[in-house]
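Naming convention: chains lettered A, B, ... in sequence-line order (proteins, then strands); numbering from 1 in each chain. Here the structure is a predicted model, which means the values were calculated and not measured. Atom set for the values below is all heavy atoms of this structure, side chains included, hydrogens, waters and symmetry mates excluded.
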There are 2 protein chains.
Amino acid sequence: MTITQLQYVLAVAEYQNFTLAAEKSFVTQPTLSMQVQKLEDELDILIFDRSKKPIAITEVGMKIVAQAKNIVNEANRIQDIVDQEKGFIGGEFTLGIIPTVMPTLLPMFLKTFINKYPKVNLIIKEKSTENLIRNIQDGHLDAAIAATPLEIEFIKERPLYYEPFVGYVPAQHRLGNANQLIPDDLDINDILLLRDGHCFRDNIINLCDASKSFKDDHFQLQSGSFETLINLSNEGLGMTLLPFLNTLELDDRKKQNLKNFQSPSPAREVSLIYHKSELKIQITNALYDVISSVVRGAIAFQDVKIISPLSK
Amino acid sequence: MTITQLQYVLAVAEYQNFTLAAEKSFVTQPTLSMQVQKLEDELDILIFDRSKKPIAITEVGMKIVAQAKNIVNEANRIQDIVDQEKGFIGGEFTLGIIPTVMPTLLPMFLKTFINKYPKVNLIIKEKSTENLIRNIQDGHLDAAIAATPLEIEFIKERPLYYEPFVGYVPAQHRLGNANQLIPDDLDINDILLLRDGHCFRDNIINLCDASKSFKDDHFQLQSGSFETLINLSNEGLGMTLLPFLNTLELDDRKKQNLKNFQSPSPAREVSLIYHKSELKIQITNALYDVISSVVRGAIAFQDVKIISPLSK
DNA sequence: AATCATAATAGCTTTTATTGATAGTTTTCC
DNA sequence: GGAAAACTATCAATAAAAGCTATTATGATT
């Protein structure tokens with residue numbers, strides 16, 4: 001049994017296809033096939049059921065794949081140990097970011113980071129919180145930026161910043177004259193929300209008084225952008241709430257419709273999250289330092305009340 | 001990096017000598033030397049400091065060795081997974097036993113077990129509870145027999161039997177005339193105890209009324225054998241307590257000094273414990289079945305009160 | 001039946017692991 | 001202080017393996 005064989009097995013398990021797995025492993029298909037066979041021979045057990053299309057993993061195969069993942073991950077840590085010793089910060093690093101943070105936060109730190117750590121090849125993927133978590137577990141992501149607290153067993157959370165919610169309330173709205181917002185004034189039924197799957201949607205649902213039930217309205221909104229929500233809001237379809245960073249780039253006319261919450265403002269906690277096994281911890285730490293330092297300049301410290309991003 | 005290389009590194013780390021490590025790895029010394037060098041080259045770091053005699057492990061080397069141990073253990077588990085699937089009962093199985101159980105229990109089941117499962121190569125090690133737990137975690141032990149409950153997160157406990165405590169009270173002792181013992185009669189200060197580290201010592205300390213404080217006496221006993229305690233007891237230095245199985249082989253004269261506790265007798269729970277990952281569960285189950293069946297014949301069922309083996 | 005997608009096999013090449021012999025050190029011991 | 005012993009590194013040769021290209025086998029789809 002070799003680590004290479006285990007890696008090949010993992011590739012096949014992932015792509016359910018020997019040819020593709022071989023490609024992704026940068027070897028030819030026969031090479032990969034034979035190594036997988038060799039391992040199966042050595043263990044005298046079938047890992048894959050090749051009679052099914054696409055290829056299926058046998059029952060034992062599942063256990064072996066899970067263990068192989070483990071072993072390969074642990075093996076990769078050897079390099080990490082060495083890197084840490086040498087103070088080397090480099091290599092590939094895959095970072096996931098939730099959609100509502102991506103467009104505002106990424107421009108703030110990306111340039112700084114790649115300048116400071118030119119040897120890190122940063123790969124950034126936009127995904128929902130749910131997928132971020134899955135990919136941190138399966139090793140496809142080295143870290144992610146998401147709204148927290150998530151309280152997941154295998155994940156470590158390090159808060160980066162607390163981002164207050166800001167109301168966008170057009171003049172004609174019933175709250176148009178209010179000076180400051182308070183959560184009790186909100187009615188979930190006249191707030192425009194992002195589509196299902198965005199955790200910011202759940203943030204807001206959690207913020208609104210649960211007693212006011214969420215009734216299915218005569219129109220269904222399927223937007224993933226605040227841009228759309230603001231425009232609809234201007235059309236008189238309701239107010240909306242934005243994360244603070246998303247309010248910075250609005251034009252002056254739109255900024256006039258912004259209303260802050262009374263202190264302590266409801267806010268979301270945005271954290272760098274990663275697997276508690278702390279692989280690539282040096283890069284993760286570097287990332288944490290860069291992001292939190294750039295954010296410190298953008299969000300003034302204030303008293304906030306953290307709203308959970310989890311749907312109930 | 002290959003698993004073989006890691007195994008070679010582990011061998012060198014263990015024997016602090018390339019030649020011996022090579023022997024133990026069943027390869028020639030150049031083979032091992034070159035593979036270790038190859039790994040060092042690949043990682044571009046020195047694992048061993050060959051300038052020192054005997055060979056020393058570098059600082060990073062320590063971390064790498066620890067991680068290598070991890071990886072090699074995890075890799076061995078693949079075979080376990082396969083064995084489990086096949087219902088194969090065989091291979092190496094390392095069992096730890098606490099000292100106060102070892103001499104009485106082992107002869108009772110060992111012969112039966114090795115006859116019934118000739119393909120299992122049973123390796124038995126006597127260790128303190130503390131070390132048993134550590135070695136179950138690090139994979140050096142597949143299972144162990146210890147006094148429970150321990151309530152450790154990663155360990156499963158399966159009670160084998162409940163072993164009542166029996167008093168050994170010489171005639172001249174203040175309790176020499178009592179018919180049955182009751183815990184309240186005990187005074188921790190006139191009971192001879194095993195030396196620190198034995199969990200049976202803690203069993204007894206927990207049994208004795210905590211209100212009677214444990215005062216440092218004018219003599220300190222450092223014995224690990226009940227034999228010694230009994231002899232000292234006969235010399236008038238106090239009474240002592242024995243686990244039931246240890247009373248079976250006493251000569252008749254000594255048996256006359258034994259006194260049972262009033263029902264429900266205080267007892268220790270002796271369990272088979274193992275990692276909750278349940279590797280080698282077939283063998284573990286086989287062991288459990290064999291032991292519990294032989295013990296059933298030796299200890300009559302009775303009402304007992306379980307005393308914790310943990311020192312407070 | 002022909003085609004397509006995919007995995008297995010065969011034959012060959014390249015790479016790697018291992019070996020025995022030996023050289024170069026350091027330690028040990030007289 | 002010097003010979004012997006103990007130990008690791010190096011070298012050249014060889015055995016083992018992992019890889020590649022080309023081809024065949026399999027099985028589903030048209």
Side-chain angles (χ1 to χ4, degrees), chain A residues 1-58 60-62 64-65 68 71-72 75-76 78-79, chain B residues 1-58 60-62 64-65 68 71-72 75-76 78-79:
Chain A
M1 177 169 50
T2 67
I3 294 174
T4 310
Q5 285 172 349
L6 297 177
Q7 284 168 327
Y8 291 166
V9 166
L10 289 185
V12 176
E14 179 165 4
Y15 300 108
Q16 311 247 315
N17 174 318
F18 278 67
T19 312
L20 184 57
E23 239 173 73
K24 298 286 183 177
S25 305
F26 306 105
V27 291
T28 58
Q29 170 264 317
T31 299
L32 184 137
S33 284
M34 292 191 77
Q35 287 306 314
V36 172
Q37 277 181 51
K38 260 191 67 175
L39 181 60
E40 288 180 323
D41 285 352
E42 181 187 330
L43 299 174
D44 193 28
I45 210 153
L46 279 180
I47 298 172
F48 300 105
D49 179 354
R50 295 149 172 87
S51 72
K52 300 219 175 94
K53 303 270 164 150
I55 263 181
I57 308 182
T58 62
V60 230
M62 307 274 256
I64 291 174
V65 165
I71 295 168
V72 170
N76 288 335
I78 296 252
Q79 185 62 57
Chain B
M1 177 171 46
T2 67
I3 294 173
T4 310
Q5 285 171 349
L6 297 177
Q7 285 169 327
Y8 291 164
V9 166
L10 290 185
V12 176
E14 180 165 1
Y15 300 107
Q16 311 245 318
N17 174 318
F18 278 66
T19 311
L20 184 57
E23 238 173 73
K24 298 285 183 177
S25 305
F26 306 106
V27 291
T28 58
Q29 170 265 316
T31 299
L32 186 137
S33 283
M34 291 180 86
Q35 287 306 314
V36 172
Q37 277 180 52
K38 257 192 69 174
L39 181 61
E40 289 179 323
D41 286 351
E42 181 187 331
L43 299 175
D44 192 28
I45 210 152
L46 279 180
I47 299 172
F48 299 105
D49 179 353
R50 295 153 173 84
S51 73
K52 300 219 174 95
K53 301 277 162 146
I55 266 181
I57 308 183
T58 62
V60 228
M62 306 275 255
I64 291 174
V65 165
I71 295 168
V72 170
N76 288 335
I78 296 254
Q79 185 63 56

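Q35(A) places no side-chain N or O within donor-acceptor distance of the main-chain N or O of Q5(A), the cut-off being under 3.5 Å. Side-chain atoms of T58(A) come within 3.5 Å of backbone N or O of L46(A) as a donor-acceptor pair.
Residues I3(B) and A75(B) approach most closely at CD1-CB, 4.0 Å, considering heavy atoms.
Regarding E23(B), its CD atom lies at a distance of 12 Å from the C1' atom of dC7(D), rounded to whole Å. Between Q16(A) atom CD and dA7(C) atom P the separation is 11 Å, expressed in whole Å.
Within the nucleic acid shown, T31(B) comes within 4.0 Å of at least one base atom, counting heavy atoms only. Residue contacts shown for Q29(B) include a base, since a base heavy atom lies under 4.0 Å away. Contact annotation for F48(B): no contact, since no heavy-atom pair falls under 4.0 Å across all strands.
Checked against dT16(C), dA17(D), dT18(C), the side chain of Y8(B) finds its nearest nucleotide in dT18(C). Distance from the side chain of F18(A) is smallest for dA7(C) among the nucleotides dA7(C), dA17(D), dA9(D). Ranking dA8(C), dA7(C), dA21(C) by closeness to the P30(B) side chain, first place goes to dA21(C). Out of dT8(D), dA7(C), dT16(C), the shortest distance to the side chain of K38(B) is found at dT16(C). For I55(B), counting side-chain heavy atoms from C-beta on, the closest listed nucleotide (dT9(C), dA17(C), dT8(D)) is dT8(D).
A sub-4.0 Å separation between OP1 or OP2 of dT9(C) and a side-chain N or O of S33(A) is absent. Between N17(B) and dT8(D), a side-chain N or O to OP1/OP2 separation shorter than 4.0 Å is present. Residue R50(B) has a polar side-chain atom (N or O) positioned under 4.0 Å from OP1 or OP2 of dA9(D).
Between T28(A) and M34(B), the residue anchored nearer the 5' end of DNA chain D, judged by the nucleotide with its closest heavy atom, is M34(B).
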Requested in this report: Any chance you could lay out the side-chain contact (heavy atoms from CB on, under 4.5 Å) test for V12(A) and I47(A), step after step, and finish with the verdict?
Outcome: CA-CA 10 Å; V12(A) 176; I47(A) 298 172; over 6 Å; no
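Around CE of M1(B), the count of heavy atoms belonging to other residues, nucleotides or ligands within 6.0 Å exceeds 12.
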